[in-house]
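Below is one structure, written out as structure tokens; comments come after it.
First listed ligand is number 1; within each ligand, the first listed atom is number 1. What you see is a predicted model; the values in this text were computed from it and never measured. Hydrogens, waters and symmetry mates are skipped; everything else that's a heavy atom, side chains included, is used.
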Amino acid sequence: MASTRDYRLLCLENPLLDIQAVGDEALLEKYSLKANDAILAEEKHQGIFEDLLTNYDAKLIAGGAAQNTARGAQYILPPNSVVYLGGVGDDKYAAILHDAVKQAGLRVEYRVDPKEATGRCGVVITGHNRSMCTELGAANHYDLEHLKKPEIWALVENAEVYYVGGYHFTVCPPAIMELAKQAAANNKPFILSLSAPFIAQFFKDPLDASAPYWDYVIGNETEAAAYAESHSLGTTDVKVIAKALANLPKENTQRKRVAIITQGTEPTLVAVQGEDEVREFPVHEISKEQINDTNGAGDAFAGGFASGIVEGKSIEESVHRGQWLARLSIQELGPSYPFPKQTY
Ligand code: 26A
């Protein structure tokens with residue numbers, strides 16, 4: 001019988017407000033940004049947020065990769081299905097996030113830091129590329145203490161599926177490990193997103209510590225390539241990398257690991273632990289004119305995919321849900337979904 005519980009999916013990562021604008025080469029160059037990337041802000045990036053707001057007519061949009069995924073999964077699932085954890089400040093940006101998640105029907109349990117500002121992500125759109133530069137602020141102060149509060153831990157124990165955004169490896173690996181171990185000990189699926197190339201490059205150790213707990217690992221082609229390079233896999237073949245991810249040692253042997261690699265408009269690849277064939281799922285392309293921007297496309301994919309896992313659907317159906325939601329999201333401004341709701 002299907003579960004009738006509330007908050008079956010629990011997500012963790014960094015809540016951010018996206019400050020998004022259409023930019024140009026000069027702007028990218030000014031802050032030494034690549035056209036398509038995600039990085040943590042350094043000293044030299046400090047001015048970018050004001051610059052985007054003042055000179056580029058930037059919009060404020062709810063972001064944070066896994067929070068976008070959580071909103072996406074809730075978009076498809078019945079009401080009260082998804083809860084999201086992360087750290088924010090006590091400021092107007094947090095208020096904007098609260099409004100956005102409320103509209104999406106997403107329950108959030110934020111750790112509120114009175115001394116730190118809510119995290120911001122400067123997003124520079126050039127064509128179909130997006131460059132993201134993040135100042136984590138209060139999101140960087142998420143801690144185990146919050147996760148272990150009795151009322152929060154009760155939500156962890158109640159959940160049936162966990163989704164962690166890999167960006168959280170820069171913040172609180174112990175919290176990730178708590179969820180990972182909770183999943184394995186209770187034979188519940190643990191989904192991890194690789195999030196960005198810099199995670200596999202510079203946060204290799206905490207990433208690898210969590211790897212035995214991944215039931216599903218989701219990434220795109222550039223994240224797969226970064227993983228292959230930092231792990232000296234000696235290949236750039238995305239199928240081979242997907243297979244390597246699927247066949248890493250695994251803690252919970254009751255579930256075979258599945259690696260899912262998206263490749264923009266190229267087919268989505270799925271490798272299953274112990275299986276020879278890497279399956280390909282073609283993407284149903286929309287016309288270039290229909291695309292607003294690609295910020296959040298991967299998060300939307302993960303949200304649709306996770307909704308399928310929560311409802312016990314097949315890999316095929318779950319990938320289809322992911323592709324469907326990503327297609328809707330790229331037609332919106334930023335990592336958003338159309339309202340009134342479209343039904344899957
Ligand atoms: C730690 N970093 C760099 C980040 C992020 C992030 N979310 C969490 N942590 N850098 C960018 N993002 C979010 O990615 C979404 C698009 O995939 C942005 O907020 C954006 O909404």
Side-chain angles (χ1 to χ4, degrees), residues 11-21 31 33-34 36-42 45 48-49 52 58-73 84-88 93-94 96-97 100-101 104 106 108 110 116 118-125 128-142 163-173 175-176 192-203 206-207 218-220 222-223 226 262 264 292-305 322 325-326 329-330 332-337:
C11 308
L12 167 72
E13 207 204 42
N14 316 321
L16 303 173
L17 195 73
D18 287 357
I19 301 180
Q20 176 177 324
Y31 295 101
L33 300 173
K34 294 184 199 156
N36 210 12
D37 205 6
I39 60 164
L40 288 168
E42 297 166 29
H45 301 116
I48 193 171
F49 303 106
L52 284 166
K59 300 282 181 290
L60 302 179
I61 315 164
Q67 187 167 239
N68 302 335
T69 296
R71 282 189 289 117
Y84 170 84
L85 312 177
V88 298
Y93 282 1
I96 296 175
L97 292 185
V101 297
L106 173 67
V108 293
Y110 291 143
E116 300 286 337
T118 297
R120 298 174 291 176
C121 176
V123 185
V124 180
I125 304 291
H128 290 157
N129 291 321
R130 90 284 182 268
S131 193
M132 304 190 286
C133 181
T134 293
E135 189 165 80
L136 280 166
N140 210 16
H141 294 263
Y142 191 80
Y163 179 94
V164 172
Y167 283 123
H168 206 68
F169 285 113
T170 77
V171 173
C172 189
I176 299 175
L192 183 99
S193 163
L194 293 174
S195 291
F198 85 87
I199 297 296
Q201 278 170 333
F202 303 122
F203 294 86
L207 179 70
I218 306 181
N220 65 25
T222 53
E223 292 150 17
T262 61
N292 197 325
D293 65 70
T294 58
N295 181 18
D299 307 337
F301 175 88
F305 182 84
L325 198 62
S329 178
I330 61 178
E332 303 295 309
L333 181 71
S336 311
Y337 308 102

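Side chain of Arg130 to main chain of Gly296: no donor-acceptor pair is present (N/O by atom type, distance under 3.5 Å, no hydrogens or angles). With His45 contributing its side chain and Glu42 its backbone, the two residues share a donor-acceptor pair below 3.5 Å. The closest donor-acceptor contact from the side chain of His128 to the backbone of Thr294 lies at 3.5 Å or more, if one exists at all. No donor-acceptor pair under 3.5 Å is formed between the side chain of Thr134 and the backbone N or O of Leu136. Remark: side-chain polar atoms of Glu332 are not paired, donor with acceptor, to backbone N or O of Ser329 under 3.5 angstrom.
At least one N or O atom of Ala65, backbone or side chain, sits closer than 3.5 Å to an N or O atom of ligand 1. Among the atoms of Asp299, some N or O lies under 3.5 angstrom from an N or O of ligand 1.
In this structure, atom 10 (N) of ligand 1 lies nearest to the protein heavy atom Thr134 OG1, 2.9 Å. Atom 2 (N) of ligand 1 has as its closest protein heavy atom Tyr167 CD2, 3.2 Å. The shortest contact between atom 9 (N) of ligand 1 and any protein heavy atom is with Asn14 ND2, 3.0 Å. Nearest non-hydrogen protein atom to atom 18 (C) of ligand 1 is Asp18 OD1, 3.3 Å.
Only side-chain heavy atoms of Asn68 come within less than 4.0 Å of ligand 1; its backbone N, CA, C and O stay farther off. When heavy-atom distances to ligand 1 are checked against a 4.0 Å cut-off, Val123 has no atom that comes that close, whether in backbone or side chain. Contacts of His168 with ligand 1, taken as heavy-atom pairs under 4.0 Å, are absent altogether. When non-hydrogen atoms are compared, ligand 1 lies under 4.0 Å from neither the backbone nor the side chain of Val171.
With ligand atoms numbered from 1 in the order given, ligand 1 contributes 19 (O), 21 (O) to contacts under 4.0 Å with heavy atoms of Gly63. Less than 4.0 angstrom separates some heavy atom of Cys121 from each of these atoms of ligand 1: 11 (C), 18 (C), 19 (O). The distance from ligand 1 to the heavy atoms of Met132 drops below 4.0 Å at these ligand atoms: 11 (C), 14 (O), 15 (C), 16 (C), 18 (C), 20 (C). Ligand-side atoms of ligand 1 in range of Glu13: 7 (N), 8 (C), range being under 4.0 angstrom from any heavy atom. If you number the atoms of ligand 1 from 1 as listed, the ones under 4.0 Å from a heavy atom of Gly296 come out as 16 (C), 17 (O). Each of the atoms 1 (C), 3 (C) of ligand 1 lies under 4.0 Å from some heavy atom of Leu40.
Here the shortest heavy-atom pairing between Cys172 and Tyr142 reads CB-O, 3.7 Å. Here the closest non-hydrogen pair linking Glu13 and Tyr84 is C-OH, 3.4 Å.
A donor-acceptor contact under 3.5 angstrom links the side chains of Asp293 and Gln20, judged on distance only.
Remark: distances from the non-hydrogen atoms of Pro335 to ligand 1 include one below 4.0 Å. Ligand 1 has Gly64 within reach: a non-hydrogen atom of the residue lies less than 4.0 Å from it.
Note: Phe203 and Phe198 have perpendicular aromatic rings, judged against thresholds of 30 and 60 degrees for the angle between ring planes.
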Practice item. Output, in order, the C-alpha distance, side-chain angles, deciding distance and verdict of side chain to side chain contact (heavy atoms under 4.5 Å, CB included) for Ile48 and Ile19. Key: CA-CA 10 Å; Ile48 193 171; Ile19 301 180; over 6 Å; no
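To the nearest 0.5 angstrom, Asn292 atom CG is 8.5 Å from Ile125 atom CD1.
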